[in-house]
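First the structure, in the form of structure tokens, and then the observations on it.
Residues: numbered from 1 along the sequence shown.
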Amino acid sequence: MAEKKKKKVKTSIPKKMYDKIMSNKQLTPTLRKQAFRIIQVLLYQYIVPKNANERRFLNEYLEIPSNYWGKVNPNYHKPMKELVRQGIVERNDSYKVGSDSEEGRCKAYRLNTDLIDKKYKTVKIEINIDSIIEQEDSYLTKKTKTILRKLKIDKVKCKHFIKKVSTFDSVRKRLKIDDEISELELSNEVWIWREKRKRYEKTYKTHEQIKTYTKTNGLNMIKDGRRLYLADKNEYIKKKSEYIDKSYTFQLNELCAGNFFAKRNDTNQRLDTNLTNLPSLLIAYIILEVEELINIDLSNSQLIILSYLIKTNQLDKYIKQYITEQETTTVYMSVNKVGIKHDIRPKYLNYKILRNFVEFTENGTIYNYISGKLGFNDRDRAKKAMFEILFSSHKYHSKAKTAFGQLFPVLKFITDAYKKEHGDSQLAILLQKTESRIFIDGILTQLLQKGFKVLTKHDSVLCKKSDAKAVYEFVSEFLTNEIGKHTLKIEDSRGNDIKESILSPVPCKDEVFAVIPNQNTKSVPQTVPHKLRKSA
């Protein structure tokens, strides 16, 4: 068997954990490095999840199978045993072999959050390169890390920002609690803390069952992004504040310490880097070669890519089951045994309505249309509802999903059918893989080959301000050829729209001009930039 390739990397270890490991006489220098690697793996599981559905707070246990630890290091048992003995890693030994009637469980792990503060120690570790994608894309990862090394970070301002956004009041403002949650935002899919397994788990309840559960247990309904949690609001906000503070601080420390990483994600083939999970507002305090970073972003990217898959017949297997060119038949409603409303699938649905979805998406009016039709009166709420409907479980039901099914019945049925056949997360992963092929294998690779210093955040490109116009024009042409009609945004590092000023710049006062006669009125001269004049 061929020996696995390895590479040495730097990473940040919480100083309290570092001191405990270094004082442990049972660990040799090699075993210490292996212990550091275990801590790095756990930190990244929380801070750089494979997708949004895997988001976990630091106090939650992570179920990790032994074969995964074996890939990290075949001899992981001894350093893991010492980490558990010292209280650095907490292990839930709830291992259970699966059966026909019950799902099996791996051992679960979490880091002791009491040992994570704002002080870190940089260490060197070895990691296995067992990813074919990573080996094939060494050009991309090497070039990306070279550019990351050129970044300059204002650490003081970044720390001030983290302190500000992680306060109790700041976190509270980003949540909707109890009566603030509209009926359209209430769903049957909820996340509840399971004390036995020490983590939030997804379950399904009717609206009445949700209200009864919260009242009986003295809990609150909390809408956080796409998820609906049933938890004590004060405890939840406290844990969320702690997570934001510690995870952002860790990511900032990695950047400032020069612990750069760039790796293709095996799940969705995205390029994960130090910037991909960093809050967009922190980009305002990062510069590249004395210039701010400009963000060129594909508007409504996930829906545009979904429309692209529809247009290129990649979902025809599901579409052809439901469509006809004739008038739409009625979509009937029913109520199942637990009181959840759902659609009874009609035999045929009008394909024209599916084309409407594609047109609204390409024109950039899809969220306005949904907001008006469903009564959100808020484009952002409509956007969140749309993402919940398309990317949550096929078992997910809400009033918004029912109404959405009446607006775009074919789209609802084909997305649910895809998730039911392949798994609830697979539709999102399909879109992310398509996005990666376009943005990473296409746009990023070609821009780097042309000599531009650019970075990506999934469906956007970060570049220097002086390169913004050229990069925009390349990205726009590439996307037009690849997916057709689309809309690109150009934003500065603070999120302001600067498209007009980039594409139609006003000449600077100190620019050298040549005077040429006006063809119509000789008394009024025309001016053109010196660089546009032909040489004599």
Side-chain angles (χ1 to χ4, degrees), residues 1-50 58 61-62 64-91 106-131 134-135 138 141-142 144-145 148-149 246-247 249-266 272-274 277:
M1 189 179 198
E3 187 178 345
K4 288 184 178 179
K5 290 186 178 180
K6 294 185 177 182
K7 66 178 180 181
K8 292 182 179 180
V9 299
K10 293 191 292 184
T11 192
S12 296
I13 299 296
K15 191 172 185 309
K16 290 180 180 178
M17 294 182 179
Y18 173 85
D19 290 341
K20 274 180 164 286
I21 290 170
M22 294 303 291
S23 64
N24 187 332
K25 296 181 180 180
Q26 301 297 318
L27 295 175
T28 63
T30 299
L31 289 175
R32 284 173 187 154
K33 288 182 180 179
Q34 293 171 0
F36 293 144
R37 172 65 172 139
I38 289 171
I39 292 172
Q40 185 215 34
V41 167
L42 289 172
L43 274 171
Y44 273 74
Q45 290 278 342
Y46 291 109
I47 293 164
V48 190
K50 292 180 181 178
L58 289 169
Y61 275 104
L62 304 170
I64 302 177
S66 57
N67 60 356
Y68 179 85
W69 286 121
K71 289 179 182 178
V72 172
N73 177 14
N75 303 313
Y76 76 92
H77 293 92
K78 187 165 184 178
M80 178 67 81
K81 182 180 178 181
E82 287 301 310
L83 289 172
V84 171
R85 186 184 68 81
Q86 286 189 287
I88 297 171
V89 173
E90 297 172 349
R91 184 171 61 196
C106 310
K107 288 183 179 179
Y109 307 81
R110 71 178 178 186
L111 292 170
N112 183 348
T113 55
D114 291 337
L115 298 177
I116 303 176
D117 54 19
K118 296 186 178 183
K119 294 181 180 178
Y120 289 89
K121 187 78 175 178
T122 294
V123 299
K124 288 184 178 180
I125 58 173
E126 282 188 345
I127 63 173
N128 296 323
I129 306 176
D130 56 359
S131 165
E134 185 176 351
Q135 292 181 48
S138 58
T141 56
K142 285 179 181 177
T144 297
K145 281 192 277 190
L148 287 170
R149 291 187 187 100
K246 292 182 177 180
S247 64
T249 300
F250 170 77
Q251 292 177 78
L252 174 62
N253 186 80
E254 289 279 90
L255 272 171
C256 294
N259 300 337
F260 304 114
F261 74 92
K263 182 181 183 299
R264 293 298 290 270
N265 189 316
D266 292 330
D272 292 326
T273 72
N274 298 74
N277 283 80

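Under the ring pair (Phe, Tyr, Trp, His ring centres under 6.0 Å) criterion, the residue pairs touching residues 12-43 are Y18-F36, with sequence neighbours excluded.
Legend: residues meeting side-chain hydrogen bond (donor to acceptor under 3.5 Å, both in side chains) with T144, ordered by chain and number and at least two apart, are absent. For K246, the side-chain hydrogen bond (donor to acceptor under 3.5 Å, both in side chains) test picks out E242, with sequence neighbours left out. Residues forming a salt bridge (Lys or Arg N to Asp or Glu O under 4.0 Å) with E254 (at least two apart in sequence, or on another chain): none. Residues meeting the salt bridge (Lys or Arg N to Asp or Glu O under 4.0 Å) test with K119, sequence neighbours left out: none. Considering only residues two or more places apart in sequence or on other chains, T122 meets the side chain to side chain contact (heavy atoms under 4.5 Å, CB included) condition with K10, S12, A257, N259. Listed by chain and residue number, nothing satisfies the salt bridge (Lys or Arg N to Asp or Glu O under 4.0 Å) test with K78 (two or more places apart in sequence, or in another chain). Residues that satisfy the side-chain hydrogen bond (donor to acceptor under 3.5 Å, both in side chains) test with Q40, not counting sequence neighbours, are R37. Shown here are the side-chain hydrogen bond (donor to acceptor under 3.5 Å, both in side chains) partners of K81, two or more places apart in sequence or in another chain: there are none. Taking the salt bridge (Lys or Arg N to Asp or Glu O under 4.0 Å) definition, one finds that E90 meets it with R110, sequence neighbours left out. By the ring pair (Phe, Tyr, Trp, His ring centres under 6.0 Å) test, F261 is found to be paired with Y44, residues two or more places apart in sequence or in another chain being considered. Residues satisfying the ring pair (Phe, Tyr, Trp, His ring centres under 6.0 Å) test with Y109, not counting sequence neighbours, are W69.
Rounded to the nearest 0.5 Å, atoms CG (N24) and CG (L31) are 9.5 Å apart. In this structure, the separation between CD on Q86 and CD on Q26 is 9.5 Å, given to the nearest 0.5 Å. Atom CD1 of I127 sits about 12.5 Å away from atom CG of N73, to the nearest 0.5 Å. The CE atom of M17 sits 9.5 Å away from atom CG of D117, with the distance rounded to the nearest 0.5 Å. Note that the CG atom of D19 and the CE atom of M22 stand 9.0 Å from one another [nearest 0.5 Å]. One distance of note links CD1 of I38 with CD1 of I88; it measures 10.0 Å at 0.5 Å rounding.
In this structure the side chain of I125 never reaches within 4.5 angstrom of the side chain of K8, judged on heavy atoms. When side chains are defined from C-beta on, E126 does not count as touching Q34, because their heavy atoms never get closer than 4.5 Å. Annotation: side chain of T28 is not in contact with side chain of R32 (no heavy-atom distance under 4.5 Å). L111 places none of its side-chain heavy atoms less than 4.5 Å from the side chain of L58. A 4.5 Å side-chain heavy-atom check between I39 and I21 finds at least one atom pair inside the cut-off. Taking 4.5 Å as the limit, some side-chain heavy atom of F250 sits within range of a side-chain heavy atom of L43. Side-chain contact between I64 and C106 is absent, with no heavy atoms from C-beta onward closer than 4.5 Å.
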Stepwise side-chain contact (heavy atoms from CB on, under 4.5 Å) test for F260 and R149: CA-CA 7 Å; F260 304 114; R149 291 187 187 100; 3.5 Å; yes
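Closest heavy-atom contact between K16 and L115: CB-O, 3.7 Å. Nearest approach of Y120 to P14, heavy atoms of both residues: CD2-N, 3.6 Å. When every heavy atom of E82 is checked against every heavy atom of L27, the shortest pair comes out as CG-CD2, 3.8 Å.
Between the side chains of N274 and Q251, not a single donor N or O lies within less than 3.5 Å of an accepting N or O.
In this structure, K121 places its NZ atom where only 12 or fewer heavy-atom neighbours from other residues, nucleotides or ligands lie under 6.0 Å away.
The backbone N or O of G87 lies less than 3.5 Å from a partner atom in the side chain of N112, making a donor-acceptor pair.
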